[in-house]
Every structure is written in C-alpha cells, then in structure tokens.
Amino acid sequence: MKVTKKYDVYSFGVLALEVILGKHPRDVLAPFSGPFANMNIELDDMLDPRLPFPSLEVQNKLISIMDVAFLCLDANPQSRPTMEIMSHLLCT
C-alpha cells in the first residue's frame, strides 16, 4: 500500500463525519448498508444524539459538509478529491 495525499483526504472525511455523527462513520452507517442502501436516511437518525437538534440553516450546512466528506471516503483513492478541491467545496 502506497501512502499518498489521497489517504489524508480519506482521513479528513472520516474525521469530519466523526465530529458530526459523534462516532466512527462505519458505526452509524453500517445499519444502512446492504440491500436497503438506497433508502433515504434522515439527518436526525445520523446526528450525535448528545447534541441539541440544529436549526434548519445549520442542518443545511451539515448536509453539505457530509456530502463533501462522503466524497473523501470513495473506495478508489484515485476517485477522491484533493484537499484543494475539498477546500473549495467547503468554502462555497
């Protein structure tokens, strides 16, 4: 296994989701994988339950961050964005 910048991107995605979800992404998303993976997952099913539920504006920002973080977790390292692209996506 060759360590590249794409591994840093993966780690960033995991960290971003851990902050939002309150646990490792695999612990939260495992129940939603498999044959029912195409079903819609509600935000309140994923957020850290120890925190108060966010306002609509914050919910929209969290969804944007999560969308970007999931790009980082692509199984194919060559398909992951660079941190430069990540920075652009998060700042727009």
Side-chain angles (χ1 to χ4, degrees):
M1 177 166 35
K2 183 179 177 185
V3 178
T4 68
K5 292 179 182 179
K6 299 294 183 146
Y7 287 96
D8 288 342
V9 171
Y10 182 88
S11 296
F12 175 82
V14 170
L15 178 64
L17 289 173
E18 283 180 339
V19 169
I20 293 169
L21 305 175
K23 53 182 85 171
H24 195 282
R26 82 174 148 335
D27 297 336
V28 175
L29 300 177
F32 300 107
S33 62
F36 302 104
N38 291 330
M39 64 187 228
N40 289 334
I41 302 170
E42 296 293 325
L43 185 63
D44 58 343
D45 292 334
M46 296 179 66
L47 294 179
D48 187 342
R50 298 170 292 181
L51 300 174
F53 198 72
S55 68
L56 184 57
E57 180 182 357
V58 173
Q59 288 178 48
N60 291 332
K61 290 182 189 234
L62 288 172
I63 290 169
S64 296
I65 293 168
M66 290 173 70
D67 287 343
V68 171
F70 281 119
L71 293 174
C72 297
L73 303 182
D74 195 300
N76 180 359
Q78 286 72 36
S79 297
R80 296 176 195 151
T82 64
M83 284 306 292
E84 182 178 355
I85 292 171
M86 293 295 300
S87 173
H88 177 72
L89 291 171
L90 290 170
C91 293
T92 56

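Under a hydrophobic-cluster definition in which Ile, Leu, Val, Met, Phe, Trp and Tyr are linked whenever side-chain heavy atoms come within less than 4.5 Å, directly or via other members, Val14 and Val19 are assigned to different clusters. Using a 4.5 Å cut-off between side-chain heavy atoms of Ile, Leu, Val, Met, Phe, Trp and Tyr, with links allowed through other members, Tyr10 and Leu15 fall into different hydrophobic clusters. Hydrophobic clustering places Ile65 together with Phe53 (ILVMFWY residues linked when any side-chain heavy atoms are closer than 4.5 Å, directly or through intermediates).
Between Ser64 atom OG and Gln59 atom CD the span is 12.0 Å, to the nearest 0.5 Å. Residue Met83 holds its CE atom at 7.5 Å from CG of Leu90, rounded to the nearest 0.5 Å. We find the CD-CZ distance between Glu18 and Arg26 to be 8.5 Å, quoted to the nearest 0.5 Å.
The side-chain heavy atoms of Leu89 and Leu71, taken from C-beta on, include a pair separated by under 4.5 Å.
Judged as a side-chain contact (heavy atoms from CB on, under 4.5 Å), and not counting sequence neighbours, the contacts of Leu62 are Ile20, Leu47, Pro54, Val58. Scored by the salt bridge (Lys or Arg N to Asp or Glu O under 4.0 Å) test, Asp48 finds Arg50 as partners (sequence neighbours excluded).
Here the shortest heavy-atom pairing between Cys72 and Gly13 reads CB-CA, 3.7 Å.
When each of Glu84, Met86, Arg80 is checked for a side-chain contact (heavy atoms from CB on, under 4.5 Å) with Thr82, only Glu84 meets the rule.
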Item to complete: Would you sort out whether Leu73 and Leu17 count as a side-chain contact (heavy atoms from CB on, under 4.5 Å), showing the intermediate values?
Response: CA-CA 10 Å; Leu73 303 182; Leu17 289 173; 3.4 Å; yes

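Residue pairs meeting the side-chain hydrogen bond (donor to acceptor under 3.5 Å, both in side chains) criterion with at least one partner in residues 67-79, sequence neighbours excluded, are Asn76-Ser79.
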